[in-house]
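All remarks here apply to the structure that follows.
Residue numbers run from 1 in the order of the sequence given. Order of listing sets the numbers, starting from 1, for every ligand and every atom in it.
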Amino acid sequence: MSQFQRGVYISTYGCQMNVNDSERMYSLLEMLDYHPVPSPEQASLIIINSCSVREKPVHKVHSEVGRYKDLKSKNPALKIGVGGCVAQQEKNKLLGDIPLLDFVFGTDAIDELPGIVSGLEKGEAKLNKTRFSHGQPYQVETLITNPGVSTFVNITKGCDNFCTFCVVPFTRGRERSRKLSELITDIQALVKRGVKEVTLLGQNVNSYRSECGTDFGGLLKAVAEDTDVSRIRYTTSHPKDFNQELVDISQKYREKICDYIHLPVQCGNSEVLERMNRGYTREEYLDKVKMIKQAIPGVALSTDIIVGFPGETEAQFEETLSLIEEVRYDGIYAFKYSPRPFTKAARWEDQLTDAEKSIRLDRVFALQRPLALELAQENLGGTFEVLVEEIDAEGMAFGRNTQNRKTKFPAMGKNPGDFAMVKIEKARPSLLQGLMVEH
Ligand code: 5AD
Ligand code: SF4
């Protein structure tokens with residue numbers, strides 16, 4: 001195969017962690033002279049980076065691979081692989097069930113991708129690499145070829161929380177943290193390449209602990225003090241671990257640490273929260289929200305909600321609605337509960353019907369829609385610092401303010417990576433619009 005024929009297409013499902021993993025896969029494959037292509041038709045290597053957190057992930061993998069049948073018959077050299085959480089969950093079974101597949105690699109095998117692919121090129125047999133590498137330290141330099149203005153940086157992987165609905169502890173394995181010194185060097189290298197904003201990424205960032213005992217607060221402080229990055233974001237926070245120390249650090253380094261926190265509540269009823277094994281009550285959650293809002297006025301909050309958890313009664317669900325009203329979230333990601341393999345809640349008998357879950361989901365959105373609009377409108381007339389991420393063909397700049405609200409304005413000479421003060425004249429939940437003003 002000649003060099004220029006090497007095109008890789010990665011189809012990415014699921015969370016930010018997967019988006020980040022796909023970036024890493026592209027970068028690793030560049031070392032083998034594989035270049036990203038925009039469609040599967042142009043590819044000599046197709047990877048499906050799967051997600052099994054919700055819905056019917058195995059079906060999706062089957063049907064996506066099925067769509068590549070013609071491509072494979074036209075080009076027998078085409079290699080197709082599945083990575084991510086479905087690969088980790090199904091392992092060898094996928095290779096048996098889907099004859100078109102050439103390889104399956106788990107969430108700990110991403111760095112082995114160049115080896116796997118060059119092996120296949122040399123004619124090696126179908127491959128399954130889905131062992132967790134429990135013993136090894138977690139070292140993963142951010143390998144993004146073109147990091148842009150804003151980039152994700154993994155700080156932890158895996159999760160030890162075992163929420164009773166969640167498959168992540170089974171597909172991503174035990175939690176491990178990256179070395180503090182390695183992280184600082186990594187972020188500083190990204191800054192040298194033009195990165196202005198980093199989002200520290202983990203299933204549960206608050207339980208970060210470096211080899212020398214530094215906790216997440218210490219990490220935030222180190223990134224703020226020891227790197228030249230302009231903005232720091234992080235996701236996902238677990239409410240049980242979000243504490244006063246973190247609020248104090250966010251306040252102290254407010255110049256850099258953004259006024260936006262994703263704090264998944266999942267449900268507004270304490271009994272359901274206990275059955276979810278979340279480790280906090282409704283009251284404790286609301287107290288933390290109060291503490292955050294007091295320390296960081298104007299802070300934007302977003303959350304994840306699961307409706308129709310096994311046994312959830314109408315009254316318990318209504319407590320989720322009242323919590324949404326009380327907190328006033330900028331954004332809500334709401335999902336119907338979906339039974340996941342290996343998880344405790346999937347084995348419980350009091351499952352709700354899909355119709356019941358759909359109705360509850362609609363009720364969450366119906367409540368949130370006007371609330372989000374109201375919150376967005378509160379920005380009218382306000383002036384915010386926006387980090388420009390891109391300029392479109394019409395000369396409009398797009399970026400986000402510290403509260404993570406997407407903002408659009410005439411670029412007037414500004415470039416990606418620049419900061420601009422923007423006065424807001426139009427406000428929708430998904431987009432603020434305005435004009436630049438002097439500092
Ligand atoms: N069913 C529905 N939603 C789920 N999530 C995780 N597991 C499930 C499940 N089994 C949601 C949670 C989590 C988000 C990433 O996905 O709200 O915070
Ligand atoms: Fe899943 Fe709970 Fe871990 Fe989040 S904290 S990844 S919901 S087990």
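No more than 12 heavy atoms of other residues, nucleotides or ligands lie within 6.0 Å of NZ in K406, so this atom counts as exposed by the packing criterion. With a 6.0 Å radius and a threshold of 12 heavy atoms from other residues, nucleotides or ligands, F162 has its CZ atom above the threshold. Counting heavy-atom neighbours within 6.0 Å of Q316 CD, excluding the residue itself, gives a total above 12.
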When you check ligand 1 against the protein, what N or O pairs turn up below 3.5 Å? List the atom names and distances, or just say none.
| from | atom 1 | to | atom 2 | distance (Å) |
| --- | --- | --- | --- | --- |
| ligand 1 | 1 (N) | S338 | N | 3.0 |
| ligand 1 | 10 (N) | F165 | O | 2.9 |
| ligand 1 | 10 (N) | S338 | O | 2.7 |
| ligand 1 | 16 (O) | R54 | NH1 | 2.5 |
| ligand 1 | 17 (O) | Q266 | OE1 | 2.6 |
| ligand 1 | 18 (O) | Q266 | NE2 | 2.9 |
| ligand 1 | 18 (O) | D304 | OD2 | 2.6 |

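Between D186 and R178, at least one side-chain nitrogen of the basic residue sits less than 4.0 Å from a carboxylate oxygen of the acidic one, meeting the salt-bridge criterion. Look at K240 and E284 and you find no salt bridge, because none of the NZ, NE, NH1 or NH2 atoms lies under 4.0 Å from a carboxylate O. Look at K256 and E225 and you find no salt bridge, because none of the NZ, NE, NH1 or NH2 atoms lies under 4.0 Å from a carboxylate O.
Between Y337 and F335, the ring centre distance reaches or exceeds 6.0 Å.
Counting only protein N, O or S atoms, the number found under 2.8 Å from atom 2 (Fe) of ligand 2 is 1.
Although no hydrogens or angles enter the test, the distance criterion places a donor-acceptor pair under 3.5 Å between the side chain of S50 and the main chain of G83.
When all heavy atoms of I332 and I324 are compared, the pair lying nearest together is CD1-CG2, 3.6 Å.
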